[in-house]
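Each remark here refers to the structure printed beneath this line.
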Amino acid sequence: MIRRLRIATEAVTDPYGGIWTHTRSIQKYSHHSIEEFPSRVTRFFLDHNSWLRQRFRQTAQLRGFDVIHSRSDPWYINLCHRYRTDRQKWVQSFHAMFHGEDYGKGLAPWQRDQNNAVLEVGRQADLRLSVSQWGHDMLLNTYGIETHVIVNGADLEACAKADADRFVGKYGLRNFVLFIGSVREVKNPALFIQVAAHMPDLTFVMIGDRVDGTSLKEEYGIVSTANVRVLGRQSHEDTLDALAASRVYVMTSKHEGLPNSLLEAMGMGKNVVVPAHTGCLELVPTEEYGYLYDLRSLEELILKVGNAYRDENTRGQNARRRIEANFNWRISAARLDRLYESLYQ
């Protein structure tokens with residue numbers, strides 16, 4: 001085995017999104033030393049002083065590592081481009097991109113900037129990675145970018161520690177239909193509430209960033225029905241506890257990369273109901289592993305949620321075996337380590 005490499009990875013300050021989970025999983029399972037840049041101590045000061053943060057971004061130097069690994073932050077992608085050398089190799093991971101059709105008002109400037117940085121600058125990296133097979137195919141066919149596939153995975157050790165009773169003790173809820181996402185249009189939370197309105201005998205629970213009554217009304221003009229509990233943002237541990245206490249996990253997203261919450265739901269053997277597109281379809285290629293529906297059909301979604309709720313969980317157990325064998329962070333991290341090492345062979 002090659003010597004232990006020192007790797008600088010893009011720091012993620014938001015402990016809720018998929019890239020944060022992706023970073024923590026690599027740190028946990030990689031053989032190599034994975035360090036966030038800037039460090040957590042530095043970020044504490046930068047987060048509390050905008051002038052200091054701007055100054056740091058203007059003067060930061062990225063040196064002394066074997067590998068520098070970027071993902072979505074345009075500043076960090078450009079920093080990696082600037083400091084890539086023969087002795088300091090650059091790796092770019094391609095996660096889900098922003099698509100204008102998913103947003104009624106089109107993409108915001110920051111979303112366009114992120115897309116451009118990933119596609120125009122990130123394509124120049126020494127090693128380019130996709131977190132899904134469908135993402136690999138899209139990048140190659142649409143943008144001519146060749147990547148290696150290191151699939152996103154579930155941290156099955158963390159899933160095993162989830163405690164349904166802990167969630168029940170906190171909220172008094174069990175055997176519900178669960179949504180995990182955010183208030184963003186791409187996550188399509190309004191569709192979940194529409195389903196709940198047609199199924200008043202079931203309890204629906206919503207977790208995510210700005211997933212609260214005020215934000216849902218402001219963004220979509222909707223008010224949740226009596227059988228919907230909106231719990232807002234939760235820690236990762238609390239989110240896993242919610243999955244453990246749930247009966248069915250439902251995804252309503254318009255696009256997904258290879259979604260962490262779906263990986264975790266399947267890794268915990270839950271019945272899942274997902275749209276037949278992008279990363280959802282890669283994880284649930286047939287109804288052997290979950291329930292698929294056409295995102296344009298509310299009626300089909302309602303039918304599949306009802307079927308999943310009554311299911312004895314054969315699909316859930318199939319899903320768990322699929323995740324263990326193919327989308328497991330222990331496996332993905334080992335494959336990623338070999339690619340890191342290939343840069344110095």
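Residues take their numbers from the sequence shown, with the count starting at 1.
For Arg315 and Tyr291, the positive end sits near the middle of the six-membered ring, less than 6.0 Å away and at most 45° from its axis.
The pair Arg57-Asp73 counts as a salt bridge, with a side-chain nitrogen and a carboxylate oxygen less than 4.0 angstrom apart. Under a 4.0 Å N-O distance rule, the pair Lys28/Glu157 qualifies as a salt bridge. A salt bridge does not link Glu101 to Lys254: none of the charged side-chain nitrogens sits closer than 4.0 Å to a carboxylate oxygen. One finds no salt bridge joining Arg184 and Glu219 here, because no Lys/Arg side-chain nitrogen approaches an Asp/Glu carboxylate oxygen to under 4.0 Å. For the pair Asp209 and Arg233, the salt-bridge criterion is met [side-chain N within less than 4.0 Å of a carboxylate O]. Using a cut-off of 4.0 Å between Lys/Arg side-chain N and Asp/Glu carboxylate O, Glu287 and Lys304 are scored as salt-bridged. Ion pairing between Arg330 and Asp155 fails under the 4.0 Å rule for side-chain N and carboxylate O. Taking a cutoff of 4.0 Å between a charged side-chain nitrogen and a carboxylate oxygen, Arg4 and Glu341 do not qualify as a salt bridge.
Checking Arg335 against His148 by side-chain atom types alone, no donor-acceptor pair falls below 3.5 Å. Counted by atom type alone, Glu282 and His277 present zero donor-acceptor pairs between their side chains at under 3.5 Å. Side-chain N/O atoms of Asn115 and Arg112 include no donor and acceptor closer than 3.5 Å. Looking at Arg174 and Ser246, their side chains never bring a donor and an acceptor atom within 3.5 Å of each other. Gln92 and Ser70 are linked by a side-chain donor-acceptor pair at a separation below 3.5 angstrom, with hydrogens and angles left out of the test.
A donor-acceptor pair is defined here as one N or O able to donate and one able to accept, closer than 3.5 Å; such a pair exists between the side chain of Thr252 and the backbone of Asn188. Looking only at distances, no side-chain donor or acceptor of Arg87 sits under 3.5 Å from a matching main-chain atom of Asp66. In this structure, Arg247 contributes its side chain and Tyr309 its backbone to a donor-acceptor pair below 3.5 Å. A distance-only check finds no donor-acceptor pair linking the side chain of Asp241 to the backbone of Ala162 [under 3.5 Å]. Without hydrogens or angle criteria, Ser215 side chain to Val211 main chain gives no donor-acceptor distance under 3.5 Å. Although no hydrogens or angles enter the test, the distance criterion places a donor-acceptor pair under 3.5 Å between the side chain of Arg84 and the main chain of Gln124. A distance-only check finds no donor-acceptor pair linking the side chain of Gln54 to the backbone of Trp51 [under 3.5 Å]. Listed for the Ser342 side chain is a donor-acceptor partner under 3.5 Å among the backbone atoms of Leu339. With hydrogens and angles disregarded, a donor-acceptor distance shorter than 3.5 Å links the side chain of Tyr220 to the backbone of Val183. In this structure a side-chain-to-backbone donor-acceptor pair under 3.5 Å is missing from Arg6 to Val67.
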Carefully, step by step, assess Ser253 and Glu256 under the rule side chain to side chain donor-acceptor pair (under 3.5 Å).
CA-CA 7 Å; Ser253 302; Glu256 283 289 348; 2.7 Å; yes

Checking Ser30 against Asp337 for the side chain to side chain donor-acceptor pair (under 3.5 Å) test, could you report, in this order, the C-alpha distance in whole Å, the side-chain angles of both residues, the deciding distance, and whether it holds?
CA-CA 6 Å; Ser30 174; Asp337 280 353; 2.7 Å; yes

Between Glu237 and Lys161, is a salt bridge (Lys or Arg N to Asp or Glu O under 4.0 Å) present by the stated rule, with each step listed?
CA-CA 9 Å; Glu237 181 184 74; Lys161 294 177 181 177; over 6 Å; no

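Between His69 and Tyr340, the closest side-chain pair of non-hydrogen atoms falls below 4.5 Å. With contacts defined as side-chain heavy-atom distances shorter than 4.5 Å, the pair Thr21/Asn260 qualifies. For the pair Leu129 and Ile150, the minimum side-chain heavy-atom distance is below 4.5 Å. At least one side-chain heavy atom of Tyr293 sits under 4.5 Å from a side-chain heavy atom of Val273.
Below 30°, between 30° and 60°, or above 60°: for Phe192 and Phe204 the angle between ring planes is above 60°, a perpendicular geometry. Ring planes of His255 and His99: parallel class, angle under 30° (limits at 30 and 60°). Aromatic ring orientation, Phe37 versus Trp75: parallel (interplanar angle below 30°, classes split at 30° and 60°).
No more than 12 heavy atoms of other residues, nucleotides or ligands sit less than 6.0 Å from atom CD of Glu146. Within 6.0 Å of NE2 on His198 lie no more than 12 heavy atoms contributed by other residues, nucleotides or ligands. Within a 6.0 Å sphere centred on CZ of Arg55, other residues, nucleotides and ligands contribute 12 heavy atoms or fewer. Heavy-atom neighbours of Tyr344 OH from other residues, nucleotides or ligands within 6.0 Å: above the threshold of 12. Remark: Trp110 CH2 is packed, more than 12 non-hydrogen atoms of other residues, nucleotides or ligands lying under 6.0 Å away.
By the salt bridge (charged side-chain N to carboxylate O under 4.0 Å, His left out) test, Asp137 is found to be paired with no residue, residues two or more places apart in sequence or in another chain being considered.
Taking each heavy atom of Pro275 and Cys280 in turn, the nearest pair found is O-CB, 3.2 Å. Of all heavy-atom pairs spanning Leu258 and Ser132, the tightest one is CD1-CB, 4.0 Å.
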